[in-house]
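First the proteins, then the strands, lettered A, B, ... as listed; each starts at 1.
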Amino acid sequence: MTTLLIAEHDHETLKDSTNKALTAASQLGGDVHVLVAGGGQGTKAAAEAAAKLAGVSKVLVAEGPAYEHDLAEPLAALIVALAGGYDAFVAPATSRFKNVMPRVAALLDVMQVSEIIKVVAPDTYERPIYAGNAIQTVKSKDAKKVITVRTSTFAAAGEGGSAAIENAASAADPGLSTFVGEEVAKSDRPELTSAKIIVSGGRAMQSRENFAKYIEPLADKLGAGVGASRAAVDAGYAPNDWQVGQTGKVVAPELYVAVGISGAIQHLAGMKDSKVIVAINKDEDAPIFQVADYGLVADLYQAVPELTEALGKLGK
Amino acid sequence: MKVLVPVKRVVDYNVKVRVKSDGTGVELANVKMSMNPFDEIAVEEALRLKEAGKATEVVVVSIGPAQASETIRTALAMGADRGILVKAEGNVEPLAVAKILKAVVEAEQPGLVILGKQAIDDDSNQTGQMLAALLGWSQATFASKLEVEGSDFKVTREVDGGLQTIKLKGPAIVTTDLRLNEPRYASLPNIMKAKKKPIDDKSVADYGVDVTPRLEVLKTAEPAGRKAGVKVKDVAELVNKLKTEAGVL
Ligand SMILES: Cc1cc2nc3c(=O)[nH]c(=O)nc-3n(C[C@H](O)[C@H](O)[C@H](O)COP(=O)(O)OP(=O)(O)OC[C@H]3O[C@@H](n4cnc5c(N)ncnc54)[C@H](O)[C@@H]3O)c2cc1C
Ligand SMILES: Cc1cc2nc3c(=O)[nH]c(=O)nc-3n(C[C@H](O)[C@H](O)[C@H](O)COP(=O)(O)OP(=O)(O)OC[C@H]3O[C@@H](n4cnc5c(N)ncnc54)[C@H](O)[C@@H]3O)c2cc1C
């Protein structure tokens, strides 16, 4: 069995989600090759990083303008062109691969297994359904497997390899879509999906200004990433890429602090695997307290500044 | 331009589903079913295109049991023009759904298909992308803004780092994200009117698609539970517990 792992990177550095998906790919047994497809010089650096990962036996690089902006059609065409040599295709369930992998699966006439949380056997996996309220064990009967990996449940593979790097055979760009522009916020804070600590705000924040005044200073004291509930994003208090939940990002940090978030099923689906959960809410019956290790019934506008200050005194 | 919107009947988002004690699935008897929320957003977007004079007809299609006609009626009450029900019993996986939808697209010839980004029951997030692949069409998933430019489209997408805007050559597949629009409620007169709108009855056999599942469900289990912890009385106690007991500071 040979598995092709498709790497997540930002065209400069390899993302941690690749290391986590590699752990899942390795558990399938057999060789793991990594495909790094991107635009520009940074692709090479990402490929070199991939070659150093423990358990990788070969790295394929595809560099070209068609791969510069993560468009689904050319990347799917490339993966399908390489498909002959592989039994399984694995990628982290990031927005890029949620977009691309089902396209690959359909072109190969394979039923994809989405967001697996455990490899039970090379053809059998666990995946959450119904917002994580049930865990299904599924066995794939397809000859080739197409799998996306929920990265929050796999440990990151480390370095220790020295795989050969080769150029991938190229594939024609179907030319169906073109890149127009992007709005990507640059931030010094850790990314949500790899942050060790996350502070999230909900509808109770009332405004974008309050997020900046209350949530962000607390997050910065803790070196944390910042998240939000859907209600906060819908209301424009926080950008869309901060949404944690069933239909946003799924996270499992060491510490998750939920501020003014009620704890709807859809929000819990995205954070209930966090190691330690803290909830600050003025309603003592809020469902978030049913999953919180430490609950503080208080007005956040008092409690959060106090907490930020107390952490400052701790030398944070 | 005709717009096709596939709508799925799912367990209502307010229901906390329970796993059957014998591990064969989740308890679906007597639970409230509704239209997948992302599909309501898809229907709404199609209707807005029609109201703006950019679309001529909005056709909804659902694949599922006879009761899926209720989901179609909901879309008709929102304002869609007509429906197609493809009757299917049991588990129809996204790949099979996409194959049936491909046949529907070939018969209907829409210029745009709008789907939900994911169904909130199975959370697969696949069908739209698979349909695009099978048709050889362009795709834009997780849309938060959709503009028609002749027979092409400009779509803003919610991606991990923020927002991305791409141009699609039509005909195209778009899947909806939460911020695309706020779906309307059907008014009583429109609910009455919807009763007279046509629903075409089809079956999987009409399309000659093999829907045999590729995934065998071996078991459905309850996730590892999480118990409520303690309430702390103030910030000082919280900080103390986080430092000494939890060891996360
Ligand atoms: C299809 C679909 C998908 C969804 N996906 C997601 C998702 O991915 N992520 C997600 O988060 N949600 C999602 N939701 C929405 C979800 O159902 C809830 O509506 C949402 O999570 C509520 O956000 P909230 O907790 O911030 O707001 P609310 O439920 O309004 O809770 C606000 C809380 O703040 C507390 N509060 C108010 N003022 C203060 C104060 N001064 N101090 C302290 N506490 C205060 C209140 O007691 C309350 O508990 C989805 C819904 C649907 C239908
Ligand atoms: C009677 C019945 C029993 C089922 N039993 C099981 C079971 O035991 N285990 C299990 O895992 N699943 C079961 N399912 C669900 C079935 O597997 C899912 O319909 C299928 O896997 C599609 O996955 P998804 O909805 O998550 O796709 P996604 O790719 O998440 O759906 C995205 C979008 O595709 C469109 N779409 C998807 N399905 C349909 C449809 N049927 N009709 C119209 N549009 C659609 C919608 O626009 C939707 O928003 C059952 C379904 C039915 C009807």
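- Options A/E182, A/Q302, A/E309, A/K141 differ in how many heavy-atom pairs under 4.5 Å they form with chain B, and the most are formed by A/K141.
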Checklist line | Step-by-step side-chain contact (heavy atoms from CB on, under 4.5 Å) determination, B/S138 to A/E73 | finding: CA-CA 7 Å; B/S138 57; A/E73 302 89 350; 3.5 Å; yes

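- Across B/V159, B/D234, B/V11, the residue that shares the most heavy-atom pairs under 4.5 angstrom with chain A is B/V159.
- Looking only at side-chain heavy atoms (C-beta outward), B/E158 and A/D241 stay at 4.5 Å or farther from each other.
- Within 6.0 Å of the NZ atom in B/K231, the count of heavy atoms belonging to other residues, nucleotides or ligands exceeds 12.
- Closest of all the heavy-atom pairs between A/L314 and B/L249 is CD1-CD1, 4.0 Å.
- The parts of A/A303 that come within reach of chain B are both its backbone and its side chain, each placing non-hydrogen atoms under 4.5 angstrom from that chain.
- A donor-acceptor contact closer than 3.5 angstrom links the side chains of B/T141 and A/N99.
- Heavy atoms of A/V110 lying under 4.5 Å from chain B belong exclusively to its backbone.
- No side-chain donor from either of B/Y13 and A/Q246 sits under 3.5 Å from a side-chain acceptor of the other.
- Ranking B/G136, B/P213, B/A96 against chain A, the residue ahead of the rest is B/G136, based on heavy-atom pairs under 4.5 Å.
- With chain A as partner, the option from B/L134, B/V15, B/V239, B/V17 having the largest number of non-hydrogen pairs under 4.5 angstrom is B/V17.
- Interatomic distance, CG of B/L242 versus CG of A/L311, reported as 8.0 Å (0.5 Å rounding).
- Contacts with chain B were tallied for A/A279, A/G175, A/S274; A/S274 has the most, counting heavy-atom pairs under 4.5 Å.
- Neither the backbone nor the side chain of A/K186 has a heavy atom closer than 4.5 Å to any heavy atom of chain B.
- Neither the backbone nor the side chain of B/L131 comes within less than 4.5 Å of any heavy atom of chain A.
- A distance-only check finds a donor-acceptor pair linking the side chain of B/K117 to the backbone of A/T247 [under 3.5 Å].
- Per-residue counts of heavy-atom pairs under 4.5 Å with chain B were compared for A/V276, A/N133, A/V184; the largest is that of A/N133.
- The shortest heavy-atom contact between B/M130 and A/P102 is CG-O, 3.4 Å.
- Shown here for A/M111 and B/L215, the closest heavy-atom pair between the two residues is CG-CG, 3.7 Å.
- For the pair B/A133 and A/A106, the tightest heavy-atom approach, listed with the atom from each and the gap, is CB-CB, 3.8 Å.
- Around NZ of B/K154, the count of heavy atoms belonging to other residues, nucleotides or ligands within 6.0 Å does not exceed 12.
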Check: Step by step, would you call B/D160 with A/K98 a salt bridge (Lys or Arg N to Asp or Glu O under 4.0 Å)?
Finding: CA-CA 11 Å; B/D160 284 344; A/K98 284 180 185 171; over 6 Å; no

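- Between the B/Q126 side chain and the A/Q112 main chain, a donor and an acceptor come within less than 3.5 Å of each other.
- Neither the backbone nor the side chain of B/A98 comes within less than 4.5 Å of any heavy atom in chain A.
- Heavy atoms of other residues, nucleotides or ligands lying less than 6.0 angstrom from CD of B/E106 number more than 12.
- At a 4.5 Å heavy-atom cutoff, the contact between A/I265 and chain B is made by side-chain atoms alone.
- For A/A76, no part sits under 4.5 Å from any heavy atom of chain B, backbone or side chain.
- Among A/E306, A/K139, A/H69, the residue with the largest count of heavy-atom pairs under 4.5 Å with chain B is A/K139.
- Heavy-atom minimum distance, B/V232 versus A/L296: O-CD1, 3.6 Å.
- Chain A forms the most heavy-atom pairs under 4.5 Å with one residue out of B/K169, B/R157, B/K167, and that residue is B/K167.
- Taken to the nearest 0.5 Å, the CG atom of B/N125 stands 8.5 Å off from the OG1 atom of A/T148.
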Notebook entry, point to check: Can you check side-chain contact (heavy atoms from CB on, under 4.5 Å) on A/I197 and B/V248, steps first, answer last?
Noted result: CA-CA 9 Å; A/I197 301 179; B/V248 288; 5.8 Å; no

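- Of the two parts of B/L218, the backbone and the side chain both hold a non-hydrogen atom closer than 4.5 Å to a non-hydrogen atom of chain A.
- Of the listed residues B/V26, B/V19, B/N14, the one with more heavy-atom pairs under 4.5 angstrom with chain A than any other is B/V26.
- Comparing A/K272, A/E115, A/R230 by heavy-atom pairs within less than 4.5 Å of chain B, the highest count is held by A/R230.
- Between B/R226 and A/D273 there is no salt bridge, since none of the side-chain N atoms of the basic residue sits less than 4.0 Å from a carboxylate O of the acidic one.
- Side-chain N or O atoms of A/E183 include none that pairs as donor or acceptor with a backbone N or O of B/G162 at under 3.5 Å.
- Atoms CD1 and CZ, from B/I166 and A/F179 in turn, are 10.0 Å apart once rounded to the nearest 0.5 Å.
- The minimum heavy-atom distance between A/S95 and B/F142, with the atom names listed, is O-CE1, 3.5 Å.
- When heavy atoms are compared at a cutoff of 4.5 Å, A/T124 approaches chain B solely by way of its side chain, counted from C-beta outward.
- With a 4.5 angstrom heavy-atom cutoff, A/I277 touches chain B via backbone and side-chain atoms both.
- Residue A/L192: no heavy atom, backbone or side chain, is found under 4.5 Å from chain B.
- Taking A/D109, A/V138, A/V297 one by one and counting their heavy-atom pairs under 4.5 Å with chain B, the maximum is reached by A/D109.
- Using a cutoff of 4.0 Å between basic side-chain nitrogens and carboxylate oxygens, A/D293 and B/K241 are not scored as salt-bridged.
- The candidate from B/R18, B/K243, B/E222 with the greatest count of non-hydrogen atom pairs under 4.5 Å with chain A is B/K243.
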